[in-house]
Each structure stands twice: as C-alpha cells, then as structure tokens.
Amino acid sequence: VQLQASGGGLVQAGGSLRLSCAYSGRSFTNYAVGWFRQAPGKEREFVAAINWDGGRTRYADSVKGRFTISRDNAKNTAYLQMNSLKPEDTAVYYCATTFGMGYRAHEYDVWGQGTLVTVSS
C-alpha cells in the first residue's frame with residue numbers, strides 16, 4: 001500500500017490549490033482518508049478527513065468553510081480543495097489512511113510523502 005500526495009506549490013494569499021492523494025494497493029474503500037499538515041517548527045496537525053464512501057467528512061476549525069475534502073473511489077484518489085488560502089496555511093501537507101475518521105495522527109496507518117504548500121502574503 002502506498003499513498004502519493006501531489007498538487008502543492010506557491011500561491012498568493014486568497015488563492016486556491018487542489019491537492020491529490022493517489023492510493024495504490026487493494027481495497028481503497030476499506031479506508032477513511034485524512035489530510036494533515038506540518039508547518040516548520042510545529043507539530044503535525046489534523047486538517048480534514050473523509051469516510052470510505054465520501055458520505056461523512058470532518059474538518060479542523062481553522063479550515064472549515066475554506067477547504068473541502070473529497071474522494072473518487074473509481075480513481076483511488078482523495079482530494080483536498082483549498083480556497084481562500086492564508087499565509088498560516090503554509091505547511092507540508094500529508095495524506096494518510098485509517099479505518100476510522102480520527103483526528104489524531106497516531107490513528108493513521110499509512111502516510112504519503114507530503115507536498116509543500118506555500119502561501120505568500
């Protein structure tokens with residue numbers, strides 16, 4: 001099982017980016033997918049999660065209303081649409097899989113390599 005995160009880059013404040021998380025392995029629909037981020041000098045923090053069929057989502061308060069998590073099980077891919085980006089959103093973003101929909105990093109089993117998002121002011 002592998003996860004490959006992509007889509008990061010440099011964007012101005014107020015802009016948008018869409019991150020992708022490609023899953024390779026069996027039974028993508030067995031897992032919920034979460035996005036986390038880690039800014040320099042800070043701990044990894046929860047951003048959003050989505051259950052196996054996309055019917056349930058949860059978000060950190062800091063991104064609620066600006067970010068949208070989704071998934072396409074036919075493509076074995078999850079997404080994080082990020083709008084109205086702020087400089088404080090600058091971080092390396094990671095996707096990960098879990099059986100539940102927790103917000104704690106230790107609940108997630110498999111992690112992608114991360115993709116850097118930089119938001120300039």
Side-chain angles (χ1 to χ4, degrees):
V1 173
Q2 284 189 322
L3 295 172
Q4 181 80 28
S6 62
L10 174 64
V11 63
Q12 288 189 331
S16 298
L17 281 175
R18 188 176 81 155
L19 306 183
S20 298
C21 176
Y23 173 94
S24 60
R26 296 188 300 174
S27 304
F28 181 54
T29 53
N30 282 355
Y31 305 104
V33 176
W35 285 95
F36 288 75
R37 65 187 182 186
Q38 188 165 18
K42 295 188 176 181
E43 293 187 353
R44 192 168 298 191
E45 66 173 359
F46 172 78
V47 175
I50 188 167
N51 77 325
W52 72 274
D53 67 353
R56 289 192 298 134
T57 58
R58 66 186 301 183
Y59 296 92
D61 287 343
S62 59
V63 307
K64 206 170 291 185
R66 300 188 298 123
F67 291 11
T68 302
I69 190 171
S70 62
R71 66 190 292 163
D72 184 340
N73 287 341
K75 296 182 178 179
N76 280 4
T77 302
Y79 304 96
L80 185 68
Q81 177 67 43
M82 305 186 296
N83 298 329
S84 302
L85 282 161
K86 304 175 182 180
E88 52 264 44
D89 294 318
T90 295
V92 177
Y93 283 71
Y94 300 89
C95 59
T97 56
T98 182
F99 285 111
M101 274 185 66
Y103 62 90
R104 298 182 183 89
H106 73 262
E107 298 178 64
Y108 288 74
D109 305 303
V110 179
W111 291 79
Q113 85 290 359
T115 185
L116 176 63
V117 172
T118 303
V119 184
S120 63
S121 56

Q) Which residue pairs satisfy the salt bridge (Lys or Arg N to Asp or Glu O under 4.0 Å) criterion with at least one member in residues 52-61, sequence neighbours excluded? A)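 The answer is Asp61-Lys64.
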
Q. Which salt bridge (Lys or Arg N to Asp or Glu O under 4.0 Å) pairs, counting each pair once, include a residue from residues 4-16, with sequence neighbours left out?
A.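 As it turns out, there is no salt bridge (Lys or Arg N to Asp or Glu O under 4.0 Å) pair with a partner in residues 4-16 once direct neighbours are skipped.
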
Would you say the side-chain atoms of [X] pair up with the backbone N or O of [Y], donor to acceptor, closer than 3.5 Å?
{"X": "Thr77", "Y": "Lys75", "result": "yes"}
{"X": "Arg71", "Y": "Trp52", "result": "yes"}
{"X": "Thr115", "Y": "Gly8", "result": "yes"}

Evaluate the side-chain proximity of [Y] to [X]: yes if any heavy-atom separation is below 4.5 Å, no if none is.
{"X": "Ser16", "Y": "Gln81", "answer": "yes"}
{"X": "Thr90", "Y": "Glu88", "answer": "no"}
{"X": "Leu19", "Y": "Val117", "answer": "yes"}

Scan the side chains in residues 102-112 for donor-acceptor partners under 3.5 Å anywhere in the protein, sequence neighbours excluded, and list what turns up.
| unit_1 | atom_1 | unit_2 | atom_2 | d |
| --- | --- | --- | --- | --- |
| Glu107 | OE2 | Arg104 | N | 3.3 |
| Tyr108 | OH | Gly102 | O | 2.5 |
| Trp111 | NE1 | Tyr108 | O | 3.4 |

Q | Counterpart residues, side chain to side chain contact (heavy atoms under 4.5 Å, CB included), relative to Glu45 (two or more places apart) | A |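 Residues passing side chain to side chain contact (heavy atoms under 4.5 Å, CB included) with Glu45: Arg37.
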
Q: Could you list the residues that satisfy side chain to side chain contact (heavy atoms under 4.5 Å, CB included) with Ser70, not counting sequence neighbours?
A: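 With neighbours one apart ignored, the set is Tyr79.
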
Nearest atoms (heavy-atom pairs only) where [X] meets [Y]:
{"X": "Ser121", "Y": "Ala13", "answer": "CA-CB, 4.4 Å"}
{"X": "Asn30", "Y": "Phe99", "answer": "O-CD2, 3.6 Å"}
{"X": "Gln113", "Y": "Gln4", "answer": "NE2-NE2, 3.2 Å"}
{"X": "Met101", "Y": "Ala32", "answer": "CG-CB, 3.9 Å"}
{"X": "Leu80", "Y": "Ala48", "answer": "CD1-CB, 4.2 Å"}
{"X": "Ala96", "Y": "Leu3", "answer": "CA-CD1, 3.5 Å"}

Q) Does atom CD of Gln2 have more than 12 heavy-atom neighbours, drawn from other residues, nucleotides or ligands, at distances under 6.0 Å? A)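 12 or below, so no.
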
Q: To the nearest 0.5 angstrom, please state how far the CD1 atom of Ile50 sits from the SG atom of Cys95.
A: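 Output value for this atom pair is 12.5 Å.
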
(Q) Return the OG1 to OH distance between Thr98 and Tyr31, rounded to the nearest 0.5 Å. (A)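 Answer rounded to 0.5 Å: 10.0 Å.
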
Q.
Counting the benzene-type ring for Trp, do Phe67 and Tyr59 have ring centres under 6.0 Å apart?
A.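 For Phe67 and Tyr59, the ring centres are not under 6.0 Å apart.
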
Q. Does the separation of the ring centres of Phe28 and Tyr23 fall below 6.0 angstrom?
A.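 That pair passes the under 6.0 Å test.
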
Q) Without hydrogens or angle criteria, can the side chains of Asn73 and Thr29 be said to hold a donor-acceptor pair below 3.5 Å? A)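 Result is no, nothing qualifies.
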
Q | From CA spacing to verdict: ring-ring contact (aromatic ring centres under 6.0 Å, His included), Tyr94, Phe36 | A | CA-CA 5 Å; Tyr94 300 89; Phe36 288 75; 8.7 Å; no

Q: Identify, with sequence neighbours excluded, every residue that meets salt bridge (charged side-chain N to carboxylate O under 4.0 Å, His left out) alongside Arg66.
A: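 Asp89.
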
Q. Any chain of hydrophobic side-chain contacts (each under 4.5 Å) joining Val63 to Phe46?
A.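 No, Val63 and Phe46 fall in different hydrophobic clusters.
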
